[in-house]
Q: 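Below are the structure tokens for one structure; questions will follow.
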Amino acid sequence: MKYFSTNHTVPKVSLMEAVIKGLAADNGLFMPERIEEFDANFFEHIHQMSFQEISFQVAKKFFGDDIPEEILKELVFETLNFDCPIVKVNDSVYSLELFHGPTMAFKDVGGRFMARMLGYFLKGFKKEVNVLVATSGDTGSAVANGFFQVPGIKVYVLYPKGLVSDIQEKQFTTLGNNITALEIDGTFDDCQRLVKLAFLDEELNDALVLTSANSINVARFLPQAFYYFNAYARLREAGIKGDLVFSVPSGNFGNLTAGLFAKFMGLPVKRFIAANNSNDIVYNYLQTGKYKPRASVATIANAMDVGAPSNFARILELYSKSHQSICGDMVGYRYSDGEIRETMKQVFEQEKYMLDPHGAIGYRALKADLKEGEVGVFLETAHPAKFTETVESVLGNGTVTLPEKLAAFMTSEKKSVGMSTEFDDFKKFLLNK
Ligand SMILES: *Cc1c(COP(=O)(O)O)cnc(C)c1O
């Protein structure tokens with residue numbers, strides 16, 4: 001399968017090239033040239049399959065032409081060695097818990113999958129490969145975890161100083177070895193801009209092999225479609241019927257776009273809810289048809305603090321830039337920090353379910369939008385303990401128990417390199433390291 005650029009000015013490339021390059025040479029995002037549909041038979045039996053088995057079938061549709069079946073199978077089963085269960089919160093509202101992986105946020109699937117796939121493509125490669133990743137909080141740890149101690153690969157995690165939670169920061173600043181954390185004196189958008197500029201800089205690319213592990217990378221982004229198929233299967237397995245609506249807490253829109261791919265592959269989804277925090281760029285687009293990226297603002301759902309969502313270009317491409325078609329599959333909601341807190345408190349008290357700030361946005365949008373006869377699933381994208389300070393400030397001290405997986409990070413010492421938002425500083429650092 002070939003991959004084309006959303007900017008359409010450069011030739012198509014192989015999967016290998018798309019994964020190693022991350023971003024197309026014309027600054028566009030790679031898209032698979034075909035989206036293959038499943039037949040009815042697959043959906044008839046999907047509820048009898050595990051998350052891993054379903055993921056393997058979906059992975060074959062994406063990557064089956066380019067990676068031998070046994071290797072792809074191993075890749076899926078080894079990277080997805082955890083569950084993503086459905087939990088009923090109330091009436092027709094279900095939480096799809098995507099935080100049972102090693103770093104306890106949904107980016108584990110893409111981060112680990114991409115690390116393994118890149119490792120496969122780079123087998124026998126002589127030069128050192130530098131993975132650049134901008135993070136708003138959770139990507140950094142998922143990617144670092146996936147690449148930790150992998151020979152021949154160095155990872156640089158760029159994160160906005162003071163804008164990620166303590167636990168998030170510890171998860172990528174304490175590993176050491178081949179993982180370097182760069183603490184940027186700016187926002188996530190600055191981090192993302194620095195990474196993109198690095199790919200466009202000729203001198204840097206002559207000197208170093210660079211790749212990206214953000215959701216701009218197809219190996220990071222496409223595997224997120226697995227979740228949606230799994231949610232459908234688990235509902236069917238439990239005998240739950242109704243038209244399916246997904247609510248997706250969104251920042252860079254990789255997760256939601258992967259859901260759209262699932263729909264294009266035949267998954268029966270009635271609509272998607274794009275749930276934003278105060279960074280409501282896509283919400284505004286859905287209301288007005290005008291896409292106006294702007295500087296991000298800090299919120300308590302920090303992993304969604306994105307002012308220029310990369311994957312929006314992929315959404316436009318999927319729908320041939322038609323605002324009307326996009327609105328046929330998607331509705332938008334946005335919530336302030338105050339509303340997020342209110343929802344976390346209410347759901348904890350009334351339903352005994354602890355939401356993290358991101359999941360709370362998904363839940364609230366779903367409650368607002370769900371109609372009679374529909375079944376709603378919101379994506380609970382991170383474990384509440386990743387945001388202990390925020391969650392306890394709403395629900396009370398001592399309400400959050402730190403899972404062992406997270407507690408382990410808290411005892412190690414943070415190591416990071418401070419850096420300005422100037423591209424020249426970043427470039428010098430990479431050239432001189
Ligand atoms: C990254 C992230 C999001 C947003 O996902 P996108 O794919 O960037 O839209 C939501 N919640 C959490 C916890 C995240 O880490």
Side-chain angles (χ1 to χ4, degrees), residues 29 84 95-111 114 133-145 157 159-160 163-165 167-169 171-172 188-189 191-192 213-218 220-228 246-262 272-277 279-283 296 299-315 330 332-335 340 344 355-363 365 378-388 390-391 406:
L29 276 73
C84 58
S95 169
L96 179 65
E97 293 187 346
L98 304 182
F99 55 71
H100 296 283
T103 75
M104 311 206 85
F106 87 89
K107 297 199 176 73
D108 273 327
V109 161
M114 154 156 194
V133 56
T135 186
S136 55
D138 288 325
T139 300
S141 50
V143 169
N145 175 281
V157 179
Y159 72 102
L163 298 176
V164 302
S165 82
I167 293 174
Q168 286 177 319
E169 185 176 38
Q171 284 185 307
F172 50 77
F188 169 71
D189 293 309
C191 299
Q192 185 150 266
N214 276 99
S215 54
I216 52 179
N217 196 304
V218 288
R220 217 333 274 292
F221 144 78
L222 286 172
Q224 295 173 160
F226 304 162
Y227 292 140
Y228 297 86
F246 279 111
S247 177
V248 189
S250 295
N252 229 346
F253 277 78
N255 205 3
L256 194 142
T257 308
L260 298 175
F261 269 77
F272 290 88
I273 300 173
N276 276 155
N277 60 22
N279 296 283
D280 54 3
I281 291 82
V282 173
Y283 170 82
S296 59
T299 75
I300 58 169
N302 67 282
M304 292 159 55
D305 293 348
V306 182
S310 288
N311 287 289
F312 190 70
R314 287 192 165 117
I315 298 180
M330 231 161 110
Y333 286 82
R334 62 138 181 236
Y335 295 107
I340 299 169
M344 288 163 66
L355 292 163
D356 96 292
H358 307 79
I361 296 175
Y363 172 88
F378 68 97
L379 277 57
E380 181 38 292
T381 45
H383 193 287
K386 290 200 83 165
F387 307 94
T388 299
T390 305
V391 175
L406 296 181

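Indexing begins at 1, ligand by ligand and atom by atom, following the structure's order.
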Q: Heavy atoms, side chains only, cut-off 4.5 Å: are Asp138 and Thr103 in contact?
A: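 No, side chains not in contact.
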Q: Check ligand 1 against the protein and report each N/O to N/O distance under 3.5 Å, formatted as atom name, atom name, distance.
A:
unit_1   : atom_1 : unit_2 : atom_2 : d
ligand 1 : 7 (O)  : Gly254 : N      : 3.1
ligand 1 : 7 (O)  : Asn255 : N      : 2.9
ligand 1 : 8 (O)  : Asn252 : N      : 2.9
ligand 1 : 9 (O)  : Gly251 : N      : 2.8
ligand 1 : 9 (O)  : Asn252 : N      : 3.3
ligand 1 : 9 (O)  : Phe253 : N      : 2.8
ligand 1 : 11 (N) : Thr381 : OG1    : 2.8
ligand 1 : 15 (O) : Lys107 : NZ     : 2.5
ligand 1 : 15 (O) : Asp138 : OD2    : 2.6

Q: Take the angle between the ring planes of His358 and Phe387 and call it parallel below 30°, perpendicular above 60°, tilted in between.
A: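 Ring orientation, 0 to 90° scale: tilted.
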Q: Using a 4.5 Å cut-off on heavy atoms from C-beta on, say whether the side chain of Ile361 contacts that of Asn277.
A: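 Side-chain contact under 4.5 Å: yes.
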Q: What pairs with Thr388 under side chain to side chain contact (heavy atoms under 4.5 Å, CB included), at least two apart in sequence or on another chain?
A: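 Side chain to side chain contact (heavy atoms under 4.5 Å, CB included) check on Thr388 returns Ile167, Ala385, Glu392, Val400, Leu402.
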Q: With a 4.5 Å cut-off on side-chain heavy atoms, are Asn279 and Met304 touching?
A: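 Side-chain contact under 4.5 Å: no.
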Q: With a 4.5 Å heavy-atom cut-off, do Gln192 and Ser296 have their side chains touching?
A: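 No. Closest side-chain heavy atoms not under 4.5 Å.
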